[in-house]
Amino acid sequence: MTESKNPAPKSPKTPARPTLKAVRGTRDLLPDQTPLWNHVEATARALFARYGFGEIRTPIFETTELFARGVGEETDIVSKEMFTWDDGERFDKAMLYDWWTRSSGRISSAKQQSDGTFDAEVRYRSGTYELVAFHGRLDVETIRKVQESQRHLGHNPPAKKRIVVASSVPNKQEEHPGPDLVVEYAFGEFNRSSQSLTLRPESTAGVVRAYIEHQLGNTGNLQKLYYIGPQFRRERPQRGRYRQFWQIGAEVIGPQSSGAESPLRDAEILEMLASLLTELGIRDWRLELNSVGSSEDRVRYNAALRQALQPIKHQLCPDNQRRADTNPLRVLDSKDEADQDLINALPKIADYLGPESKAHFDQVLAALDACGIPYHLNPRLVRGLDYYTRTTFEFTVTTGLGTQNALLGGGRYDGLSEMLGGPRAPGIGFAIGEDRLILTLQAQAEADNTSTAPPKLDAYIAPLAPAQNPAALALARELRTAGLKVEVGDGAFKLRKSFDIADTLARHIILLGEDEVATNIATVKTFATGEQVKIPRAKLAEALTGIRSQPPNFVQ
RNA sequence: GCGGCUAUAGUUCAGUGGCAGAACGCCGCUCUGUGGCAGCGGAUGUCGUGGGUUCGACCCCCACUAGCCGCCCCA
């Protein structure tokens, strides 16, 4: 951008142009990071495929209503932690006028003001007078005037003198300008073309919406779906917590006849997650497991909890006192030291499970035992989203996350599809916090003194003079075509510099001077050994492939 | 949303109410087809932004912004 054409008037102190930065809670992943991310994602994709999962990609924004109904209106996520905006047209006076003009009737009077707004109008609509005031407030005087003008035009005022006013004041209310008149303000109607949209704070609701919308249940088959993508929550950034964060998740959902409700599915998901973490090299993970029962069980338990909390409430911290009233289940989540004993003494959900829920949970545990998957029953694991039923779980780790030690979480959501207006479709799913997974891998690698740095290139081609540049690029093309990872230097570089660069980037340096180009025999030096050999061009690719070391694992 | 800590060179960080610093990195030279070591030389900053106190502020005070950590909550 040139900026000198119209220089701003000189001020004694030219204010510095603020540097543009990634917005709060978002970040860039640079090439030294992305290989690890890709490794994680590729590992997950390959593993999910072995379990019969297919990828689903849903939009990163949905209607706000989807999350309100799915995740739960009263959850913190929906009530205060989403990126939500109004997608409607801007509400202004010109738009109001346009809307009324298009929608019905004729406009009997419209006095346009110099500023482009309109004073007042009246028209018939559905048997009543409707008066539209775009400008200023309605008073009795205005209304009388309008009624007068209607009579002059030969209209009789309707018997029922209810006047609907398009108001730019959002609070709908009524006024009584006179004994025979009621003025009703209608604001909401003019927003009807707008829609509240939200960047997805999680993906399960969107996936289930897609399941319903595309009638995947009608196939009769179990749907096994996975996704990898960004999510958005408007929270205060912290370690492992970003406003745009990434989740790797999967859902198993289907009609009851497909076996979607089987405890085997719960156990399979958990076993798959254990395999994934192990395959990624995550050590010391811990599976916390609980059953929050069916929705009926939960109602009974909630009641019991409220009752048990009532007498001891005053002994709890203020936060827990509040939760005791609003959402007793969340008291169980509390980390408040002083309250722990009291909380541990509260009734356990396990004692309130109906026979079906109990049997379901027992079968999950039996399948996990058969697979040799270790788990810890945690009667206080209730989780934050409204839609969870029966099995809920969390995998935690001890390395790298500080207090944000939950690596992934999930559970069963047997009623979610119905909540979204869909068919009965029990399901279970999970979401891995990919940012946290990466942090854990990096912290582990650091503890082990191993590197998560991307592997080096196979070769760096150093032309010794600008005259060899074309030959260098031609050779690079040849080697790259053969599948080697190659960088090309520049003949303008001094040899010392070429060596320096080459050593940081690649395992081999290929020297290309006049001799090498003339004879088609390259000089190749291996940094690890210091060994230098002459290799004919025709055998170069093969030779470099042969001495390529194993690609290092990211995490050992 | 609340609380604590932090913000100085590309990076990691010292620093003092009175000339802006180190290490690493970067560039050059010693050394024109053989680097990593060593020596010598060099560049780089509106000291986060805005205001205030002061003869004088990177330093003290206030506000803002951002980051980190914790709370809330969550993956």
Side-chain angles (χ1 to χ4, degrees), chain A residues 13-27 71-72 74-82 201-204 229-249 273 317-320 322-323 327 330 333-337 381-385 388 393-397 401-411 429-440 460 462-465 468 489 491 493-506 508-517 523-528 530-532:
Chain A
K13 229 184 189 176
T14 316
R17 187 170 302 185
T19 316
L20 296 175
K21 303 199 304 189
V23 303
R24 181 186 179 79
T26 69
R27 57 183 181 152
V71 176
E74 296 309 316
T75 61
D76 277 356
I77 293 179
V78 170
S79 60
K80 64 180 193 197
E81 292 170 1
M82 301 201 298
E202 56 101 50
S203 280
T204 299
Q231 320 288 335
F232 305 85
R233 285 183 207 168
R234 202 180 171 129
E235 298 176 295
R236 184 125 181 176
Q238 213 187 113
R239 183 171 193 79
R241 159 194 267 183
Y242 302 95
R243 289 181 155 194
Q244 174 175 340
F245 59 103
W246 292 72
Q247 283 188 337
I248 301 174
L273 283 166
C317 72
D319 268 336
N320 280 333
R322 176 176 51 77
R323 292 164 171 159
N327 195 348
R330 299 233 60 88
D333 260 352
S334 169
K335 287 176 202 149
D336 191 290
E337 287 291 330
L381 180 69
V382 291
R383 306 193 50 74
L385 279 47
Y388 283 117
F393 56 89
E394 217 172 79
F395 281 70
T396 59
V397 289
L401 295 182
T403 54
Q404 313 290 320
N405 68 344
L407 197 59
L408 68 92
F430 64 85
I432 304 171
E434 192 176 1
D435 306 76
R436 293 186 177 182
L437 186 61
I438 299 279
L439 271 176
T440 305
Y460 181 90
L464 297 184
Q468 281 89 50
F493 294 164
K494 295 203 166 173
L495 190 58
R496 176 193 174 119
K497 178 172 173 175
S498 293
F499 265 93
D500 278 344
I501 300 172
D503 199 9
T504 63
L505 289 183
H508 307 284
I509 184 168
I510 300 176
L511 298 174
L512 224 52
E514 268 183 78
D515 293 352
E516 284 84 356
V517 173
T523 303
V524 179
K525 187 164 184 174
T526 306
F527 287 113
E531 184 190 6
Q532 182 164 313

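Just so you know, these numbers use all the heavy atoms, side chains as well, and skip hydrogens, waters and symmetry mates.
On the P atoms, B:U6 is 13 Å away from B:G48, given to the nearest whole Å. Across B:G50 and B:C58, the matching C1' atoms stand 16 Å from one another, rounded to whole Å. Taking atom P in both B:U8 and B:G45, the straight-line distance is 15 Å, to the nearest Å. Remark: the separation of the P atoms in B:U49 and B:U54 is 23 Å, to the nearest Å. For the P atoms, the distance from B:G39 to B:U46 is 31 Å, rounded to whole Å. If you take atom P in B:A66 and the same atom in B:C26, they sit 34 Å apart, rounded to whole Å. Across the P atoms, B:C19 and B:U30 are found 38 Å apart, a figure rounded to whole Å.
At the heavy-atom level, A:G409 lies under 4.0 Å from the strands shown only through sugar-phosphate atoms. Base engagement by A:F527 is indicated by at least one non-hydrogen atom pair under 4.0 Å involving a base atom. Within 4.0 Å (heavy atoms only), A:S498 reaches no atom of the nucleic acid at all. Base contact: A:D515 has a heavy atom under 4.0 Å from a base atom. Heavy atoms of A:E202 sit nowhere under 4.0 angstrom from any nucleic acid atom. At a threshold of 4.0 angstrom between heavy atoms, the contacts of A:Q231 with the nucleic acid are absent. Base contact: A:E235 has a heavy atom under 4.0 Å from a base atom. Within the 4.0 angstrom heavy-atom criterion, no nucleotide atom of any strand lies near A:G410.
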Collect all protein-nucleotide pairs involving nucleotides 64-66 of chain B in which both atoms are nitrogen or oxygen and the distance is under 3.5 Å.
| residue | atom | partner | partner atom | Å |
| --- | --- | --- | --- | --- |
| B:A66 | OP2 | A:R24 | NH1 | 3.4 |

Interface polar pairs with nucleotides 30-32 of chain B, N/O, under 3.5 angstrom:
| residue | atom | partner | partner atom | Å |
| --- | --- | --- | --- | --- |
| B:U30 | O4 | A:R496 | NH1 | 3.2 |

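One finds no side-chain N or O of A:R239 lying less than 4.0 angstrom from the OP1 or OP2 phosphate oxygen of B:C68. Listed pair A:Q238 / B:G70 meets the phosphate criterion, a side-chain N or O lying under 4.0 Å from OP1 or OP2.
Rounding to whole angstrom units, CD1 of residue A:I432 and P of B:A75 are separated by 13 Å. In this structure, A:K525 places its NZ atom 13 Å from P of B:G33, rounding to the nearest Å. When the C1' atom of B:C72 is taken as reference, atom CZ of A:R236 falls 12 Å away, rounded to whole Å. Atom CZ in A:R241 sits about 14 Å away from atom P in B:G67, given to the nearest Å.
Ranked by how close their nearest RNA chain B nucleotide is to the 5' end, A:P237 and A:L511 are led by A:L511.
Stacking here means ring centres nearer than 5.5 Å and ring planes tilted less than 30 degrees, and by that measure A:F499 does not stack onto B:G36.
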Q.
Please convert RNA chain B into dot-bracket. A pair counts if it is Watson-Crick or G-U wobble with both distances under 3.5 Å; crossing pairs go in [ ] and bases paired with another strand get |.
A. (((((((..((((....[..)))).(((((.......))))).....(((((..]....))))))))))))....

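Minimum heavy-atom separation, A:S203 to A:Q247: N-OE1, 4.4 Å.
Annotation: ring-ring contact (aromatic ring centres under 6.0 Å, His included) contacts of A:Y460 (sequence neighbours excluded): none. Applying the side chain to side chain donor-acceptor pair (under 3.5 Å) rule to A:Q244 yields no partners; only residues at least two apart in sequence or on another chain are considered. Under the rule for a side chain to side chain donor-acceptor pair (under 3.5 Å), A:T396 has no partner lying at least two apart in sequence or in another chain.
Residue A:R233 places a side-chain atom within donor-acceptor reach of the base of B:A75, judged by atom type and a 3.5 Å distance cut-off alone. No donor-acceptor contact under 3.5 Å links the side chain of A:Q468 to the base of B:G33.
The 12-atom threshold is not exceeded at CD of A:E514, counting heavy atoms of other residues, nucleotides or ligands nearer than 6.0 Å.
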